[in-house]
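First comes the structure, then the notes that go with it.
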Amino acid sequence: MGIPSISIMLHELIKLLYHSKCTDVTVIRIGTSGGIGMDPGSVVITSQSVNPCFKPEFEQIVLGKTVIRSTELDSALAQELVQCSQEINEFNTVIGRTMCTLDFYEGQARLDGAICSYTEEEKMQYLKSAYEAGIRNIEMESSVFAAMCNISGLRAAVVCVTLLNRLDGDQISSSHDVLVEYQQRPQKLVGYFIKKRLSQV
């Protein structure tokens with residue numbers, strides 16, 4: 001969970017891909033997220049990952065110096081995934097920007113953490129500004145995922161379901177069974193995409 005964990009995993013995965021001489025690789029991250037202005041259960045395909053200042057960049061400290069890396073994702077792949085969702089025709093799917101944060105509480109403008117240094121009005125103003133900036137969901141891995149895939153020449157996509165609309169609150173209210181079905185939506189979409197690709201080989 002979070003940037004450090006997925007960064008470690010990606011280093012190991014990319015080395016394995018290199019040593020096994022894999023080519024024309026597509027990597028897709030699937031998962032859950034908090035939506036912004038999206039109904040729960042909607043699927044967001046990330047156009048670009050942005051930081052909490054809404055900038056499409058990942059900041060890495062290397063040898064004591066700040067290195068800025070791009071977080072753009074493959075637009076053609078995103079469109080292909082949207083087309084697959086339309087063919088499935090079972091749930092709402094959109095392409096939008098994804099905000100990647102360093103923590104689950106203050107970094108995501110939540111009011112229910114142990115520490116909260118802002119008001120509900122300030123929280124809502126921030127989330128509305130995010131929506132106006134094209135951000136449709138919040139999670140904690142997409143920035144380093146996009147940056148590392150870009151550097152490594154891998155086609156990449158991020159496909160996350162929204163478990164709640166953060167403009168309505170911080171707590172998930174859906175039942176366990178509903179949440180289980182929501183979490184299967186990115187799997188269903190990417191599974192359909194893989195089968196479609198394999199049928200074209």
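It should be emphasised that the depicted structure is a prediction, and the values quoted were computed from it without experimental measurement.
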[X], [atom1] atom: more than 12 neighbouring heavy atoms under 6.0 Å:
{"X": "Glu121", "atom1": "CD", "result": "no"}
{"X": "Gln125", "atom1": "CD", "result": "no"}
{"X": "Lys196", "atom1": "NZ", "result": "yes"}
{"X": "Glu120", "atom1": "CD", "result": "no"}
{"X": "Asn92", "atom1": "CG", "result": "yes"}
{"X": "Leu102", "atom1": "CG", "result": "no"}

Could you state whether [X] and [Y] fall into the same hydrophobic cluster, counting links through intermediate Ile, Leu, Val, Met, Phe, Trp or Tyr residues with side-chain heavy atoms under 4.5 angstrom apart?
{"X": "Met1", "Y": "Val161", "value": "no"}
{"X": "Leu77", "Y": "Leu73", "value": "no"}
{"X": "Met148", "Y": "Leu16", "value": "no"}
{"X": "Val27", "Y": "Val82", "value": "no"}
{"X": "Ile138", "Y": "Leu167", "value": "yes"}

Taking every non-hydrogen atom, the tightest pair across [X] and [Y]:
{"X": "Ser174", "Y": "Tyr182", "answer": "OG-CE1, 3.9 Å"}
{"X": "Tyr105", "Y": "Gly113", "answer": "CD2-CA, 3.3 Å"}
{"X": "Ile36", "Y": "Ala130", "answer": "CD1-CB, 4.0 Å"}
{"X": "Pro186", "Y": "Gly31", "answer": "CG-O, 3.7 Å"}
{"X": "Gly107", "Y": "Thr101", "answer": "O-CG2, 3.3 Å"}

> Going through the checks in order, is the side chain to side chain donor-acceptor pair (under 3.5 Å) test met by Gln83 and Gln79?
Replying inline: CA-CA 6 Å; Gln83 178 61 38; Gln79 290 293 340; over 6 Å; no

Quick check: do [X] and [Y] have side-chain heavy atoms less than 4.5 Å from each other?
{"X": "Ile88", "Y": "Ser85", "answer": "no"}
{"X": "Thr32", "Y": "Gln183", "answer": "yes"}
{"X": "Ile61", "Y": "Lys65", "answer": "no"}
{"X": "Lys55", "Y": "Ile68", "answer": "no"}
{"X": "Gln108", "Y": "Asp103", "answer": "no"}
{"X": "Asn137", "Y": "Met99", "answer": "no"}

> Is the cationic atom of Arg97 (NZ for Lys, CZ for Arg) positioned less than 6.0 Å from the six-membered ring centroid of Phe54 and within 45 degrees of its normal?
Replying inline: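 Output no; distance or angle outside limits.
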
Under 3.5 Å donor-acceptor, [X] side chain and [Y] backbone:
{"X": "Asn150", "Y": "Ser70", "answer": "yes"}
{"X": "Thr71", "Y": "Pro56", "answer": "yes"}
{"X": "Arg166", "Y": "Gly37", "answer": "no"}
{"X": "Ser5", "Y": "Gly2", "answer": "no"}
{"X": "Thr46", "Y": "Ser49", "answer": "no"}
{"X": "Asp170", "Y": "Arg110", "answer": "no"}
{"X": "Asp74", "Y": "Ala157", "answer": "no"}
{"X": "Ser7", "Y": "Ile3", "answer": "no"}

>> Between the side chains of Arg29 and Glu139, is the shortest nitrogen-to-carboxylate-oxygen separation below 4.0 Å, so that they form an ion pair?
In response: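 Yes, charged N to carboxylate O under 4.0 Å.
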
> Are Glu57 and Arg69 within salt-bridge range, i.e. N to O under 4.0 Å?
Replying inline: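 Result for this pair is no, no salt bridge flagged.
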
Rounded distance (nearest 0.5 Å) linking atom [atom1] of [X] with atom [atom2] of [Y]:
{"X": "Glu181", "Y": "Ser175", "atom1": "CD", "atom2": "OG", "answer": "10.0 Å"}
{"X": "Thr119", "Y": "Leu111", "atom1": "OG1", "atom2": "CG", "answer": "8.5 Å"}
{"X": "Tyr118", "Y": "Lys123", "atom1": "OH", "atom2": "NZ", "answer": "8.0 Å"}
{"X": "Gln48", "Y": "Cys100", "atom1": "CD", "atom2": "SG", "answer": "13.0 Å"}
{"X": "Ile28", "Y": "Ile45", "atom1": "CD1", "atom2": "CD1", "answer": "9.0 Å"}
{"X": "Glu141", "Y": "Ile6", "atom1": "CD", "atom2": "CD1", "answer": "5.5 Å"}

>> Pair Leu81, Ile95 - check side chain to side chain contact (heavy atoms under 4.5 Å, CB included), show working.
In response: CA-CA 9 Å; Leu81 287 161; Ile95 294 176; over 6 Å; no

>> If you apply the rule side chain to side chain contact (heavy atoms under 4.5 Å, CB included), what do you find for Ile194 with Tyr192, and how did you get there?
In response: CA-CA 5 Å; Ile194 292 170; Tyr192 182 94; over 6 Å; no

>> side chain to side chain contact (heavy atoms under 4.5 Å, CB included) for Met9 and Leu13? Distances and angles first, verdict last.
In response: CA-CA 6 Å; Met9 183 276 290; Leu13 175 64; 4.2 Å; yes

> How about Phe145 and Phe58: are their ring centroids closer than 6.0 Å?
Replying inline: no

> For Val44, which of Val158, Ile135, Thr98 qualifies under side chain to side chain contact (heavy atoms under 4.5 Å, CB included)?
Replying inline: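 Only one of Val158, Ile135, Thr98 forms a side chain to side chain contact (heavy atoms under 4.5 Å, CB included) with Val44, namely Thr98.
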
> How about Asp112 and Gln171: does a side-chain donor come under 3.5 Å of a side-chain acceptor?
Replying inline: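 Looking only at side-chain atoms, Gln171 and Asp112 do form a donor-acceptor pair, the distance falling under 3.5 Å.
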
>> With side chain to side chain contact (heavy atoms under 4.5 Å, CB included) as the criterion, how do Leu10 and Glu12 come out once you've worked through the C-alpha distance, each side chain's angles and the decisive distance to 0.1 Å?
In response: CA-CA 5 Å; Leu10 285 169; Glu12 300 302 328; over 6 Å; no

